[in-house]
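First the proteins, then the strands, lettered A, B, ... as listed; each starts at 1.
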2 protein chains.
Amino acid sequence: MSKSTRENAILFLQQMTKVTLALKGYMRQKFKAHNVDITFEMLQVLRFLWEKESCNQQEIATAINKDKASLTYLLDNLGRRNLVLRTEDSQDRRNKIITLTQEGRELESLITPWLEEMYGLVAENVSAGDLATSLHTFETIYKNIQNKAE
Amino acid sequence: MSKSTRENAILFLQQMTKVTLALKGYMRQKFKAHNVDITFEMLQVLRFLWEKESCNQQEIATAINKDKASLTYLLDNLGRRNLVLRTEDSQDRRNKIITLTQEGRELESLITPWLEEMYGLVAENVSAGDLATSLHTFETIYKNIQNKAE
DNA sequence: GCTCAACAGTTAAATAACAAACTAATTTTA
DNA sequence: TAAAATTAGTTTGTTATTTAACTGTTGAGC
């Protein structure tokens with residue numbers, strides 16, 4: 001690995017961290033400005049449920065890259081805010097079926113525009129080609145890690 | 001924003017999350033395999049201190065993109081592990097000067113190779129051009145967010 | 001049919017992040 | 001120089017993540 005490649009790898013990691021933090025901060029500020037009492041992580045759950053009304057916890061966890069313990073916790077918090085409901089699956093009693101409450105469903109129309117703005121922030125001033133290259137780079141790096149970790 | 005651009009923006013965010021998690025997991029597994037009782041976040045602090053032996057907390061916080069409250073907490077944990085020392089700055093008593101202990105310095109030679117491996121994972125099978133494009137994309141997105149948030 | 005492995009979810013303990021309010025020290029400025 | 005603003009760090013409360021151990025349920029193979 002050449003010295004400049006190494007430097008760029010380090011910069012890559014730094015910039016990735018900064019972008020992640022900045023996007024979270026952007027959404028947090030939106031929530032605060034509109035008195036919506038949820039976090040970025042809760043939004044990830046809600047966004048999934050807006051698409052797929054009913055499912056078990058593991059399904060959500062897999063979709064949004066979290067483990068099931070985090071989901072237990074997140075759904076407790078969403079339940080406390082009256083945004084989701086947990087019911088036992090009578091078909092397979094290991095499952096808890098998660099559904100949105102009316103309140104949870106109603107948030108969709110308020111928040112979706114902010115999500116679209118966030119997607120816009122990712123795409124703005126970035127050519128389609130550069131975006132695709134970056135995507136491809138992520139995929140390569142991800143594979144590199146999977147291979148190394150066996 | 002075209003539909004496919006939007007899709008790619010969403011994929012970009014998903015892949016970025018996955019890469020971040022995978023890299024953290026990779027390092028965690030290294031620490032565990034070698035019985036080194038630190039976290040990825042503590043490593044960020046140590047890595048900075050290996051370069052710049054002595055500084056105050058705010059300087060570290062800025063360099064590794066954390067807030068000062070997180071640093072208070074992280075340095076408590078590093079201190080408990082006997083890896084860093086906090087001393088009051090007699091020049092400006094608002095500052096706490098952070099230095100590595102012998103034990104903290106000794107970790108450098110053990111851990112640096114793992115860091116280099118991590119940089120390698122980012123650069124492996126990625127052309128210099130693609131890496132540079134990705135870097136540039138991050139910078140553009142970061143600027144987009146800064147501009148939108150005023 | 002029983003046993004055992006696999007699966008879904010919970011819990012507890014440790015670590016981390018963020019916001020807001022706070023203390024103490026220093027610098028600015030009027 | 002006295003008051004005000006700024007800066008460094010801590011504390012508190014809420015939220016999130018990870019690991020590991022745990023409970024309960026289901027299903028496969030003998």
Side-chain angles (χ1 to χ4, degrees), chain A residues 17-18 20-33 35-46 55-81 83-84 86-98, chain B residues 17-18 20-33 35-46 55-81 83-84 86-98:
Chain A
T17 304
K18 284 177 78 170
T20 301
L21 281 176
L23 286 170
K24 276 195 180 186
Y26 181 78
M27 292 307 285
R28 230 190 338 263
Q29 161 236 313
K30 280 279 177 196
F31 297 148
K32 192 178 170 188
N35 289 306
V36 174
D37 178 30
I38 64 169
T39 63
F40 191 85
E41 288 76 13
M42 295 178 197
L43 172 61
Q44 293 181 276
V45 176
L46 292 177
C55 57
N56 68 21
Q57 300 188 189
Q58 186 58 57
E59 208 173 337
I60 305 175
T62 306
I64 66 177
N65 295 303
K66 299 193 187 297
D67 65 17
K68 56 187 182 171
S70 296
L71 252 285
T72 294
Y73 176 79
L74 266 173
L75 290 170
D76 283 351
N77 275 332
L78 282 165
R80 222 175 284 135
R81 286 162 171 77
L83 299 174
V84 303
R86 260 198 195 92
T87 46
E88 204 180 60
D89 184 348
S90 54
Q91 244 55 46
D92 181 341
R93 285 171 49 227
R94 287 172 301 186
N95 293 341
K96 304 274 176 76
I97 298 187
I98 308 301
Chain B
T17 304
K18 284 177 77 169
T20 301
L21 280 176
L23 285 170
K24 275 196 179 186
Y26 181 78
M27 293 307 287
R28 231 190 337 262
Q29 161 236 314
K30 280 277 177 200
F31 296 148
K32 191 178 171 188
N35 288 307
V36 174
D37 178 29
I38 63 169
T39 63
F40 190 85
E41 287 76 13
M42 294 177 197
L43 171 62
Q44 293 181 277
V45 176
L46 292 176
C55 56
N56 67 23
Q57 302 187 188
Q58 186 58 59
E59 208 173 338
I60 306 174
T62 304
I64 67 177
N65 295 303
K66 298 192 188 298
D67 65 18
K68 57 186 182 171
S70 297
L71 252 284
T72 294
Y73 176 79
L74 265 174
L75 290 169
D76 284 350
N77 274 334
L78 283 165
R80 223 174 283 137
R81 286 163 170 78
L83 300 174
V84 302
R86 259 198 195 91
T87 46
E88 203 180 61
D89 184 347
S90 54
Q91 245 55 46
D92 181 341
R93 286 171 50 227
R94 288 172 301 185
N95 292 341
K96 303 276 177 74
I97 297 186
I98 308 301

Asks: side-chain hydrogen bond (donor to acceptor under 3.5 Å, both in side chains) with A:D37: which residues, sequence neighbours excluded?
Replies: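 With sequence neighbours excluded, A:D37 shows a side-chain hydrogen bond (donor to acceptor under 3.5 Å, both in side chains) to A:R81, given in chain and number order.
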Asks: In whole Å, what is the span from the CG atom of B:L83 to the P atom of C:dT15?
Replies: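 In whole Å, C:dT15 P and B:L83 CG are 12 Å from each other.
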Asks: Could you list the protein-to-nucleotides 2-7 of chain D atom pairs, N/O on both sides, closer than 3.5 Å?
Replies:
residue: D:dT7; atom: O2; partner: B:R94; partner atom: NH1; Å: 3.3

Asks: Name the atoms and distances for all side-chain donor-acceptor pairs under 3.5 Å in residues 21-33 of chain A, with sequence neighbours left out.
Replies:
residue: A:K24; atom: NZ; partner: A:E41; partner atom: OE2; Å: 2.8
residue: A:Y26; atom: OH; partner: A:E117; partner atom: OE1; Å: 2.6
residue: A:K30; atom: NZ; partner: A:E117; partner atom: OE1; Å: 3.2

Asks: Can you see if the side chain of A:R81 gets near the phosphate of D:dT15 - specifically, an N or O under 4.0 Å from OP1 or OP2?
Replies: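 True: A:R81 side-chain N/O within range (under 4.0 Å) of D:dT15 OP1/OP2.
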Asks: Using side-chain hydrogen bond (donor to acceptor under 3.5 Å, both in side chains) as the criterion, list what pairs up with B:T62, not counting sequence neighbours.
Replies: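 For B:T62, the residues satisfying side-chain hydrogen bond (donor to acceptor under 3.5 Å, both in side chains) (neighbours in sequence not counted) are B:Q58.
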Asks: When we call it a touch if two heavy atoms are under 4.0 Å apart, what does A:D89 touch: a base, just sugar-phosphate, or nothing?
Replies: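 It contacts nothing in the nucleic acid.
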Asks: Expressed in angstrom and rounded to an integer, what is the separation of A:Q91 atom CD from D:dT25 atom C1'?
Replies: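 Taking CD of A:Q91 and C1' of D:dT25, I get 14 Å after rounding.
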Asks: What is the separation between atom CE on A:M42 and atom C1' on D:dT17, rounded to the nearest whole Å?
Replies: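 So the CE-C1' distance, A:M42 to D:dT17, works out to 14 Å.
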Asks: B:T87: what forms a side-chain hydrogen bond (donor to acceptor under 3.5 Å, both in side chains) with it, not counting sequence neighbours?
Replies: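 If we apply the side-chain hydrogen bond (donor to acceptor under 3.5 Å, both in side chains) test to B:T87, skipping adjacent residues, there are no hits.
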Asks: Contact class for A:K96 vs. all strands (heavy atom < 4.0 Å): base, sugar-phosphate, or nothing?
Replies: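 The residue A:K96 makes sugar-phosphate contact but no base contact.
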Asks: Could you state the atom-to-atom distance from CD of A:Q58 to P of C:dA6 in whole Å?
Replies: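 Taking CD of A:Q58 and P of C:dA6, I get 16 Å after rounding.
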Asks: Rounded to the Å, how far apart are A:N77 CG and C:dT11 P?
Replies: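 About 13 Å, once rounded to whole Å.
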Asks: Counting only side-chain nitrogens and oxygens, does A:Q57 get under 4.0 Å of the OP1 or OP2 atom of C:dT10?
Replies: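 A:Q57 to C:dT10 OP1/OP2: side-chain N or O found under 4.0 Å.
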Asks: Strictly by salt bridge (Lys or Arg N to Asp or Glu O under 4.0 Å), give each pair with a member in residues 58-76 of chain B just once, sequence neighbours left out.
Replies: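 Sorted result for residues 58-76 of chain B: B:K52-B:E59, B:D76-B:R86.
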Asks: Going by side chain to side chain contact (heavy atoms under 4.5 Å, CB included), name the residues that satisfy it together with A:D92, two or more places apart in sequence or in a different chain.
Replies: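 For A:D92, the residues satisfying side chain to side chain contact (heavy atoms under 4.5 Å, CB included) (neighbours in sequence not counted) are A:D89, A:R94, A:N95.
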Asks: Considering non-hydrogen atoms only, spot the tightest contact between B:N56 and B:I98 and give its length.
Replies: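 Result for this residue pair: C-CG1, 4.4 Å.
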Asks: Nucleotides 17-19 of chain C: which of its N/O atoms have a protein N/O under 3.5 Å away?
Replies:
residue: C:dA17; atom: OP1; partner: B:K66; partner atom: NZ; Å: 2.5
residue: C:dA19; atom: OP1; partner: A:R28; partner atom: NE; Å: 3.3

Asks: Side-chain N or O of A:R86 versus OP1/OP2 of C:dT10: is the shortest distance under 4.0 Å?
Replies: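 It does, given that an N or O in the side chain of A:R86 lies less than 4.0 Å from OP1 or OP2 of C:dT10.
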